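These notes are about the structure you will find just below.
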Protein chains: 2
Amino acid sequence: MNLKQLSHMLSLSQTTVSRALNGYPEVSEETRRRVADAAKRHGYRPNPSARRLATGKAGMIGYVMPTGASVDIDPHFVEFLSGLGDYARGHELDLVLSPTTADDEETTYRRVVANKQVDAVYVSSPRPADRRIVLLNQLGLPFIVHGRSEGLDFDYAHIDIDNEAAFHDAARLLLQLGHKRIALINGDTSQTFAIFRERGARRALAASGLSLPPDRVRSLAMTEENGFRAANSLLRGNEPPTAILCSSLIMALGVIRAIRDLGLTIPGDVSLIAHDDVFPWLKPENFSVPLTTTRSSIRAAGERVAERLAARISRLETEPLGEVWPVDLVVRASIATAKN
Amino acid sequence: MNLKQLSHMLSLSQTTVSRALNGYPEVSEETRRRVADAAKRHGYRPNPSARRLATGKAGMIGYVMPTGASVDIDPHFVEFLSGLGDYARGHELDLVLSPTTADDEETTYRRVVANKQVDAVYVSSPRPADRRIVLLNQLGLPFIVHGRSEGLDFDYAHIDIDNEAAFHDAARLLLQLGHKRIALINGDTSQTFAIFRERGARRALAASGLSLPPDRVRSLAMTEENGFRAANSLLRGNEPPTAILCSSLIMALGVIRAIRDLGLTIPGDVSLIAHDDVFPWLKPENFSVPLTTTRSSIRAAGERVAERLAARISRLETEPLGEVWPVDLVVRASIATAKN
DNA sequence: ACGGCAAGCCAAAGCGCTTTGGCTTAGTGT
DNA sequence: ACACTAAGCCAAAGCGCTTTGGCTTGCCGT
C-alpha cells in the first residue's frame, strides 16, 4: 500500500493525504480523520526511503563506532545502548552503527553526513579538545556528546555525570576516615572522564593539605587484569596506600584479587571505593565485601541522550545545552577508618 | 556532487555513468576508467536514499534488538557487535538496530521488512522452535541465526558453536579426574545454547553410568549474582558437588565468591570449568585460580556472521547452510582429581 | 551492397514521497 | 453586486538514483 493507492481509494490527491497524515493545517478536520482512519485500516506506512529522498531527513540516529583489533568496545557501551533503545523503541527511531577505525573516524563522519544517513549522532568517550566535536559542530549535524570535552572554544550539547564531584566526595570520605595515603586506579586519561576524576580526587586531598603523587595514580584501560596489576604494584611499593579509588567495577575485581593475593583484607588493610555504572550482571552490593561506590546509571544516560537527540532533531531543542548529573555516593562495607 | 552533475562534466548520460560505476558490461573499458577516475577526483558518492528508493536495496544489515526494563542486553552482545563491526567496517556496511519489546518483536520484523530498511538481519539467542526464524523464513528476508533453534521443519542459515560437545568434553574431563557429583550452572534454558550444554554434560555422565539429577542443575540469567546463588545452594545441600560446570565467566565470578565464602578452595574442594566467550576485559587465566574453560570467541562469530550476511545479500550464498564451530577446552589450574 | 548483430551509448520512465504554486469555492466587507 | 480573502484541495515538479527500451555505429558474412 503506497500513497498513490491510498489517495486513490479516498478519491483525494496525494498532496492532501500526505498533508493530512503529517499534520499540516490546510486540511479540514473531517478529511484528516477520514485519511487517518483509512491509513490505519489498510496499514499504510510511508516508505522511509522515499520520504528520506524527498525530505532529506532520515529518521535515524547514528553512532560512529570505533572498532578494530586494538579497540575494544566495552560493556559500558551496551548498557548505554540499552537505555538509548528504551527511548528509541517508543518513538520508532532506529539506530545506525557505522563501524570505523580510529584513523578513519573523520571520514566516516563526513560520509554519514554527506549521505544524510542520520538526523543526529551521539559521541561517546570524548577526549580533550575532541576533534569529532569540532567536526560535527562545523558540519552542522545535530549531535550530543555523552561526557564532556575540554578546551573547546564553543559550546555544544552534552550530558555528563559529575565525575569530578564524585571522586572528590569519595576521596573526602576516605580522608574523613583518617586515610592519608590514597591511591587512584583510573581509566585511561586520554578520556576526559578520567581527567575529571583525577582532578576531583586531587582537589579533595589538597583541601586536606595532602597530595596525590604521580606514583599513586594508575591510568589504564578498564579491564580486570589492569586493575590487578595496578593494585599489585601500588600495594607492593613502599608506603602502600591504605585506600584505593577505582574507576570501574570491572577493574575493582582485579583490585580485590590483588589485595587478597597479598593476604590483605578489605576494609581492614585497604579501603576501596569504585565507580559503578550500574550493570545488571555485576553488582557492588554482592561483592564478598560489599563495595562502596560512586554510582550513576549509564543506561539512564543513554535514555536521556536519545530523548534529547529526538528533541534536537525536531528542533525543540536548539541551544548547546550542557547537562551534568550528580553522582550518588553509596556507602557499603568496603571502607573503614584508617589504622595508620 | 550528484550523478547528473558528474555525467554532465563527462559529457555522458547518467545511464552510462551509473553503469560504469556499478560494473555493468555494456560500457567500454576506457569509458569506465574515465568515469571511475572523475568520480574519485570529485569525491562523488551515490546518495544512498536515492539508490535505495530505486533499487529497494538498503546496504545495511539489521538487528532487531530486544530492550525494556526486564530485558538486559548483556555484554556478549557488544563483543559480538565488535566482530560484526570489524567486518562491516571494511565493506561499508552499516548496522541498523531496531529496538523492540519482546511483545512487539514480530511487528518490528515486519516493519523492517516492509520498509526495506535492511537487506538482511541476524538473529541472536535463538530459542527452540523460534518464531522469529519462522517469520523471517516466510518473509523471505535473508538472515543468519547466531546459534541454533530446534524443532523447525526447514533448514536455515546459521552459525553456532558446538555447545553440546564442549560441555560433553568438559564433563568427561571431570569424570576422568574421578568426579562423581558434577553440577551444572547454566544459562536460561529457554535458549537453545543452554539446552545443548545441558545435553552434552548429561550425555557424558550417562556414558559413565552417572546422571545429572535436576537438583544439581541451575538455569538462570547469567549474572554474577545468580552464579553466587546457584553455587551457594548447590554447595550447601547434602551431597554437594565436587565439580561445577558453569556457562559463563561472569557467573563464574559469583560461583567463586560462593566457594570462597564457604571456606572451600578451588580446586581442592571444588573443581570448576566455565565457558569463556573471550572478553578482553575479563580473562580466565587471570582469575586467582586460573580457570579451565571451554573457549570460543564470540567476536569471531560476529565477524563470520557479517561475512556470510554480506555473501547472502549479494547472492553468493543461497543455501540454508549451517556452520558449527568446535570449541576449545583449555585446561588451567581450577580442576583437580576428586578427593572422594 | 545489404541485412544482421554486437558494442556502446542515451532518453526517459520509474521508485514513493514532499512541497510548490495554483485553482476553486464559500464567506466577508462595502 | 463586487472585489477580496481564507479554506481546502489538487497537479506536477522535484529528490537522485537505476533500469528499461531504444538508438547509433561499425563490422561481419554473403
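Convention: sequence-line order gives letters A, B, ...; per-chain numbering from 1. If you're wondering where the values come from, they're calculated on a predicted model, not measured in any experiment.
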Query raised in the report: Aromatic ring centroids of Phe80(B) and His76(B) under 6.0 Å?
Result: no
Report task. Decide whether Thr192(B) and Arg148(B) meet the rule of one side-chain donor and one side-chain acceptor closer than 3.5 Å. Result -> no
**Report entry** salt_bridge(Arg127(A), Glu105(A)) N-O dist < 4.0 Å
**Finding:** yes
Query - Point-to-point distance, once rounded to the nearest 0.5 Å, from OG of Ser18(A) to OH of Tyr24(A) - result: 7.0 Å
Query raised in the report: Hey, can you pull the residues of residues 19-39 of chain A with a non-hydrogen atom under 4.0 angstrom from DNA chain C?
Result: Arg19(A), Asn22(A), Tyr24(A)
Query raised in the report: Does a side-chain N-to-carboxylate-O contact under 4.0 Å join Glu319(A) and Arg308(A)?
Result: no
Requested in this report: Find the distance between CG (Leu53(A)) and CG (Asn47(B)) and round it off to the nearest 0.5 Å.
Outcome: 6.5 Å
Query raised in the report: To the nearest 10 degrees, what angle separates the axes at the start and end of the helix from dA1(C)-dT30(D) to dT30(C)-dA1(D), five pairs each?
Result: 40°
Query raised in the report: Under 4.0 angstrom, heavy atoms only, what part of the nucleic acid is Thr55(A) near: base, sugar-phosphate, or nothing?
Result: sugar-phosphate
Query raised in the report: What are the bounds, 5' to 3', of the part of DNA chain C that sits under 4.0 Å from heavy atoms of chain B?
Result: dG8(C) to dG16(C)
Query raised in the report: Without hydrogens or angle criteria, can the side chains of Ser28(A) and Thr31(A) be said to hold a donor-acceptor pair below 3.5 Å?
Result: yes
Query raised in the report: Of Gln14(B) and Leu53(B), whose nearest nucleotide on DNA chain C comes first from the 5' end?
Result: Gln14(B)
Report summary line: DNA chain D nearest-nucleotide lookup for Thr16(B) and Ser49(B): closer to the 5′ end is Ser49(B)
Requested in this report: Measure across Pro126(B) and His146(B) and return the closest heavy-atom pair with its distance rounded to 0.1 Å.
Outcome: CD-O, 3.3 Å
Query raised in the report: Are Tyr63(B) and Phe77(B) near enough that their ring centres are under 6.0 Å apart?
Result: yes
Report task. Nearest 0.5 Å please: distance from the CD1 atom of Ile313(B) over to the CG atom of Leu93(B). Result -> 5.5 Å
Requested in this report: For Ser7(B), answer base if it contacts any base atom (sugar-phosphate contacts may also be present), sugar-phosphate if it contacts only those atoms, and nothing otherwise; contact means non-hydrogen atoms under 4.0 Å.
Outcome: nothing
